[in-house]
J.: 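Submitted below is the structure of interest, expressed as structure tokens.
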Amino acid sequence: MADEKATARAKALRDQLNEHNRRYYVLDAPTVSDAEYDLLMNELRALESEYPELLTPDSPTQRVGAPPIEAFGVVEHPLPLLSLGNVFSHEDLEAWHRRVTNLLDGRSFDLVCELKMDGLAMALVYENGVLVTGATRGDGVRGENVTQNIRTIRSVPLRLPPGAPQRFEVRGEVYLSKGGFARINEERAAQGLPLYANPRNSAAGSLRQLDSRITASRPLDIFIYQLGWAEGAVSLPPSHWETMAWLKSLGFRINDLNRHCPALADVIAFVDEWQDKRHDLPYETDGVVIKVNRLDYQAQLGVVGREPRWATAYKYPSVQGTTKLVSIDVNVGRTGSLNPFAVLEPVQVGGVTIRHATLHNEEDVRRKDVRVGDTVIVQRAGEVIPEIVGPVLELRPEGAAPYSLPAECPECHTPIVRPPGEAMAYCPNKACPAQGLELLKHFVSRGAMDIDGVGESLCATLLATGLVSDVAGLYRLTAEQLEQLERMGQKSAANVIAAIAASRDRSLARLIFALGIRHVGSENAELLARQFGSLSALMAAPEDALMSIPGIGPKVAASVIEHFEDEENRRVIAELRATGVRMEDEAQPLSAKATPLAGLEFVFTGRMDRLTRTNAEAMVKELGATAASNVTRKTSYVVAGEDAGSKAERAQQLKIPVLTEEEFLALVSEAKRQVDSTPET
DNA sequence: CGCCCTCGAGTTCC
DNA sequence: CTCGAGGGCG
């Protein structure tokens with residue numbers, strides 16, 4: 001049995017350790033060294049193991065977690081945890097403010113702005129100054145009892161100083177810092193476990209551990225943002241802002257970045273200020289919670305449905321979102337490649353609605369382990385292209401099966417082939433209608449024959465009606481035939497015919513590229529055109545002649561040979577020739593052009609105001625420089641437009657000069673001035 | 001043979 | 001933008 005001395009010592013140790021905890025984790029101002037802290041902790045642990053009756057729920061030793069439990073109990077929230085209405089713009093916010101003003105009979109009111117943590121809402125109940133329950137939000141009325149896990153969070157006070165109400169509830173958001181998230185994922189990767197998709201997902205996983213010793217090893221943290229309810233004779237402050245200050249004095253961790261705003265203009269300033277700055281915070285925030293400060297006004301405004309009228313959440317455009325994966329469909333590419341893509345329940349991400357996302361190939365789907373029916377996390381890679389990050393494993397429905405590609409081409413039902421060692425599967429049927437459409441689209445596209453007014457839908461119509469059966473068929477079209485089609489008047493028909501006619505005179509390189517030879521893109525087409533000067537010369541070239549061109553290796557050469565050996569391809573080329581498509585380049589003018597930018601390599605990135613990227617690339621090539629798409633050590637200049645992404649960053653790392661559009665134009669006009677002032681040779 | 005750089009191909013949304 | 005793969009070079 002513990003004697004009085006031991007009992008008193010245990011209490012003293014608990015009080016000291018709890019205070020040190022508060023200084024370290026809540027105030028961020030420790031007054032003892034880690035070693036001293038450990039010494040006190042060890043002493044308490046020894047006492048508790050000798051006299052188990054001294055072990056109290058508020059003991060700091062509880063922070064290391066307890067043995068696993070079977071399941072979480074259910075906790076009823078006496079006062080439901082409400083959700084918040086959302087606003088997405090200044091206009092929405094102003095409209096909300098007007099509504100509130102009306103409901104308050106035109107009286108003006110002050111507000112509080114709080115950064116909205118991307119974590120999990122939690123209700124903590126204290127009785128006689130001791131934490132007794134920690135529960136998740138659940139459906140707002142009933143949550144899960146995760147008290148043992150909450151105790152492991154160092155910034156949650158286990159015991160409060162005198163002056164706290166007898167029984168009361170505070171609400172807060174449990175979250176994981178970006179650094180903590182990265183650390184956990186590194187550990188999981190090392191153990192071969194599936195990775196958490198984001199800090200929120202990871203915090204949820206940590207909190208739902210039945211073994212709280214695991215939770216204890218996760219660096220979870222909490223910000224308290226609300227007093228739920230309180231019983232016992234205490235006079236409560238009259239405003240939210242003062243309530244938060246009071247809770248802070250009791251030892252709760254409150255976000256210091258929150259701000260008391262006298263008027264709407266200050267709220268707008270706060271929201272704008274953190275729009276970008278939030279990315280520099282060590283934790284993830286997805287918006288700002290705006291609350292009417294006075295509690296009597298809050299009471300007057302009340303609750304509608306499950307949302308209080310006295311608060312709203314300003315949501316920043318999300319970089320990520322979660323949605324349901326409805327199905328995985330398959331596209332057939334121009335080369336016959338089968339590319340699975342995700343059909344999603346539409347979701348707003350970064351201000352646009354996302355319905356589809358590519359899944360690249362079967363391996364990609366397997367690696368990400370997404371299955372039909374999964375809830376998946378979606379983001380816009382480089383702020384543009386939708387991408388599936390991964391599934392939320394907790395929400396996977398029973399019986400969701402791993403994905404495998406269908407055995408047949410979805411278009412023509414030919415059995416698919418997957419060359420050994422290759423990641424992509426193919427439809428081997430060269431006459432596959434899907435490939436025909438993709439080939440036609442490629443032929444008319446901007447980088448190829450550049451036929452204006454012929455897009456995806458017209459290509460499809462032409463093939464479906466039989467007006468065109470291969471790329472050469474375009475050049476036999478008449479205005480009368482086009483006018484038969486729906487939504488095609490005389491004027492547009494004439495425009496299309498003119499655009500097709502104009503494309504007869506494209507450069508040889510564009511024509512070679514347009515043919516759609518495997519492994520021959522715009523660059524290789526350029527090489528081949530420059531080497532051979534005409535399509536017939538290229539067609540007659542033996543394999544070794546192709547291979548001797550720097551940049552053309554065995555695969556490309558074989559692909560070219562194979563393309564021109566094919567009877568059908570030869571027929572189409574003959575047709576093209578017969579309809580008057582130009583098949584050679586004019587002899588290169590021998591006069592050497594002035595090349596003031598010779599030897600320089602430019603990389604363009606981001607959106608420019610006065611130039612398109614292709615235009616800019618043409619400009620520098622004209623002056624003897626080259627344009628590359630990737631930043632390497634060889635790059636001379638990176639020209640960064642608006643919203644420049646990773647390339648500009650990489651340039652900084654490699655200490656390569658980054659030019660603005662203005663600086664670039666200045667550099668070009670200076671170079672041109674040199675050309676003009678140099679006498680022709 | 002392995003590494004590094006480039007090119008090809010497919011892709012989403014407005 | 002990203003991944004995969006081709007080509008060149010040490």
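Here is how names work: the chains are called A, B, and so on, in the same order as the sequence lines, proteins then strands, and each is numbered from 1. Just so it is clear, the model here is predicted, and its values are computed rather than measured.
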J.: For the side chain of A:Asn331, counting heavy atoms from C-beta on, which of C:dG4, B:dT11, B:dA9 is nearest?
T.: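 Nearest listed nucleotide: B:dT11.
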J.: I need the CG-C1' distance between A:Leu546 and C:dG7, as an integer number of Å.
T.: 15 Å
J.: Calculate the interatomic distance between A:Met424 atom CE and C:dT2 atom P; express it in whole Å.
T.: 16 Å
J.: Please list residues of residues 519-528 of chain A whose heavy atoms come under 4.0 Å from any atom in DNA chain B, ordered by number; otherwise none.
T.: A:His519, A:Val520, A:Gly521, A:Ser522, A:Glu523, A:Asn524
J.: Do NZ/NE/NH1/NH2 and the carboxylate oxygens of A:Glu362 and A:Arg418 come within less than 4.0 Å?
T.: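 Yes, A:Glu362 and A:Arg418 are salt-bridged.
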J.: Of the listed nucleotides (C:dG6, B:dT11, B:dC13), which one gets closest to any side-chain atom of A:Arg355?
T.: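 For A:Arg355, the side-chain atoms sit closest to B:dC13.
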J.: Give the rounded distance in Å between these two atoms: NE2 of A:His360 and P of B:dT12.
T.: 11 Å
J.: In whole angstroms, how far is the P atom of B:dT11 from the CG atom of A:Leu338?
T.: 11 Å
J.: Distance check needed: C:dG6 P versus A:Met547 CE, whole Å only.
T.: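 Answer to the nearest Å: 13 Å.
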J.: With distance as the sole test, does A:Lys368 use its side chain to make a donor-acceptor pair with the main-chain N or O of A:Ile388 at under 3.5 Å?
T.: yes
J.: Would you indicate which nucleotide in C:dG7, B:dA9, C:dC3 comes nearest to any side-chain atom of A:Arg518?
T.: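 When the side chain of A:Arg518 is considered, B:dA9 is the closest of C:dG7, B:dA9, C:dC3.
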J.: Side-chain atoms of residues 400-416 of chain A: list all donor-acceptor pairs with protein atoms under 3.5 Å, sequence neighbours left out, distances to 0.1 Å.
T.:
from: A:Glu408; atom 1: OE1; to: A:His413; atom 2: ND1; distance (Å): 3.3

J.: For the pair A:His90 and A:Asp272, evaluate side chain to side chain donor-acceptor pair (under 3.5 Å) and give the outcome as yes or no after the intermediate values.
T.: CA-CA 9 Å; A:His90 289 181; A:Asp272 287 350; 2.8 Å; yes
J.: Check whether any side-chain N or O of A:Arg334 sits under 4.0 Å from OP1 or OP2 of B:dA9, and answer yes or no.
T.: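 Yes, because at least one side-chain N or O of A:Arg334 sits under 4.0 Å from OP1 or OP2 of B:dA9.
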J.: Considering only C:dG6, B:dT12, B:dG10, which nucleotide approaches the side chain of A:Asn339 most closely?
T.: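 The closest nucleotide is B:dG10.
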J.: Surrounding OH of A:Tyr637 (heavy atoms of other residues, nucleotides or ligands, distance under 6.0 Å), is the total greater than 12?
T.: no
J.: Under 4.0 Å from OP1 or OP2 of B:dG10: is there any side-chain N or O of A:Ser337 that close?
T.: yes
J.: The side chain of A:His356 lies closest to which of these nucleotides: B:dA9, B:dT12, C:dG4?
T.: B:dT12
J.: Only distances under 3.5 Å count here; give the side-chain donor-acceptor pairs of residues 544-557 of chain A to other protein atoms, sequence neighbours excluded, each with its distance to 0.1 Å.
T.:
from: A:Ser548; atom 1: OG; to: A:Ala545; atom 2: O; distance (Å): 2.7

J.: To the nearest Å, how far apart are A:Phe443 CZ and B:dA9 C1'?
T.: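 It is 19 Å, rounded to the nearest whole Å.
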J.: Take the protein atom CD of A:Glu438 and the nucleotide atom C1' of B:dT11, then report the distance between them rounded to whole Å.
T.: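 Spelled out: CD on A:Glu438 to C1' on B:dT11 is 11 Å.
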J.: For A:Gln379 and B:dT11, what is the distance between atoms CD and P respectively, to the nearest whole Å?
T.: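 After rounding, the gap between these two atoms is 19 Å.
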J.: Counting side-chain heavy atoms from C-beta on, which of B:dT11, B:dT12, C:dG4 comes nearest to A:Phe341?
T.: B:dT12
J.: Taking the basic N atoms (NZ, or NE/NH1/NH2) and the acidic carboxylate oxygens, is any pair closer than 4.0 Å for A:Arg571 and A:Glu567?
T.: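 Salt bridge flag = no for A:Glu567 with A:Arg571.
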